[in-house]
Amino acid sequence: MRTAVDEVLPYGSAALGPLFGARAAARRSLARLLDCTPAEVALVPNTSTGIHLVADGLDWRPGDRIVLFDRDFPANVRPWLRLRRHGVEPVWVPMRDGGHRIEDVAAAIGPATRLVAVSHVNFATGFRNDLDRICALAAEAGALVCVDAVQSLGALPLSVADTPVDFLAAGAHKWLCGPPGTGVFYCRADRLELLRSTPTGWFGHVGAAEVTKGPGHLRYDLPERAEAARVEGGMYDLVGTAGLAAALAELEQTGIAAVAGRVRSLADRLRTGIAALGYDLALPPDGAGHPNDDGHPGGDGSSGGAGNSGLVCFTSRRTEGAEIVRRLSSAGIHVSVPDGLVRVSPHFWTTDEEVAEILSELAVHKP
């Protein structure tokens, strides 16, 4: 990104050519990560954009139902609730004990269900939904599945070849370690034509560079691209995309299996240590029902679907979450406090010493 700013942008649009390759490189990396074709991948600025492509793009009918999940992040709720003006009815899956039970998901899905809008991992508790089973339930009802993967992609493996979600969106600024304002939208190849109101812009057409047929004769008759990239519009964040391509290349070099194993190990260590100090975990420390590192569920999932993720979330009976975050921040430890729970997000490069440090700091204060 620094090279792009210092060595390319000062020379204006005529020198931008070397940066355009980053988009193709990022698309190929994301396709390998998701186990799909590059034609099914579009680059978008954030998760919300990807979700809106589906919410605003499908041909909704009065009486359609959308399955939503209690305590999901607003980006995966508000776009769907807006569809009530078209006669679309939301049906909610309750949260129980920090997670969503598969039997509640099954009860929410019915003949009128058009789409299930699910987050792979809940932003507040770290609960990982069992996408395999949710896709199977949706398929039985003839419903689509749209996944918000911002809290998992880059830390947990997900093959859309094995887990047949229809749409997926994820900002890259979290586990993918990309720059803010970059992200991915996945659309299964045979679902693209369902999105009737997607933006196409200049880039969304075949042969977009062929602006004219000749002097004074502009080309307006180019066909829309048959790939998900048709939604990317025109000029995009070249500097951010250069950073995204570099981050994805680093992830590929390390390997998602190695990343997932390390994240799981660190998160389990944190859960065990935090529980031993007397804090209340949003999810149990033993990872019951947790998927294996290949992305498939372990255990029977009866007590809460697929269980834990890389997010470790907890509360204290004595101290507000915001105060815990303030104390940790003053010690140089950076965590967050969504929905009142303290959230710790160890990644591949988090050291064992850093995990020991946060547990030591939490031990200083009574839970």
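Numbers here simply count residues along the sequence, with the first being 1.
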Is there side-chain contact between V165 and L144, with at least one heavy-atom pair below 4.5 Å?
-> no
Have T37 and E40 got a donor and an acceptor in their side chains that come within less than 3.5 Å?
-> yes
Residues, nucleotides or ligands: over 12 heavy atoms within 6.0 Å of R65 CZ | no
Look at R343 together with D339 and state whether they make a salt bridge at an N to O cut-off of under 4.0 Å.
-> no
Student check: side-chain heavy atoms of V342 and C313 closer than 4.5 Å | no
Roughly how far apart are H120 NE2 and L153 CG, rounded to 0.5 Å?
-> 9.5 Å
Looking only at side chains, do D148 and T47 share a donor and an acceptor under 3.5 Å apart?
-> no
Decide if atom CD of E320 counts as having more than 12 heavy atoms of other residues, nucleotides or ligands within a radius under 6.0 Å.
-> no
Are E361 and R327 ion-paired here, with the side-chain N under 4.0 Å from a carboxylate O?
-> no
Do F69 and M95 come within less than 4.5 Å of each other through their side chains, counting heavy atoms only?
-> no
Can E232 and R27 be counted as an ion pair, charged N to O under 4.0 angstrom?
-> yes
Any side-chain heavy-atom pair from H334 and S329 closer than 4.5 angstrom?
-> yes
Counting only heavy atoms not in E323, do more than 12 fall under 6.0 Å of its CD?
-> yes
Would you check if V344 and I358 make a side-chain contact, meaning some heavy-atom pair closer than 4.5 Å?
-> yes
Look at R96 together with D70 and state whether they make a salt bridge at an N to O cut-off of under 4.0 Å.
-> no
Do the non-hydrogen side-chain atoms of F123 and N76 ever get within less than 4.5 Å of each other?
-> no
Are the charged groups of D64 and R61 less than 4.0 angstrom apart, N to O?
-> yes
Once you round to the nearest 0.5 Å, how far does CG of N122 lie from CG of D72?
-> 6.0 Å
Is NZ or CZ of R23 both nearer than 6.0 Å to the six-membered ring centre of F203 and within 45° of the ring axis?
-> yes
Salt-bridge test for D221 and R219: reply yes if a basic N is under 4.0 Å from a carboxylate O, no otherwise.
-> yes
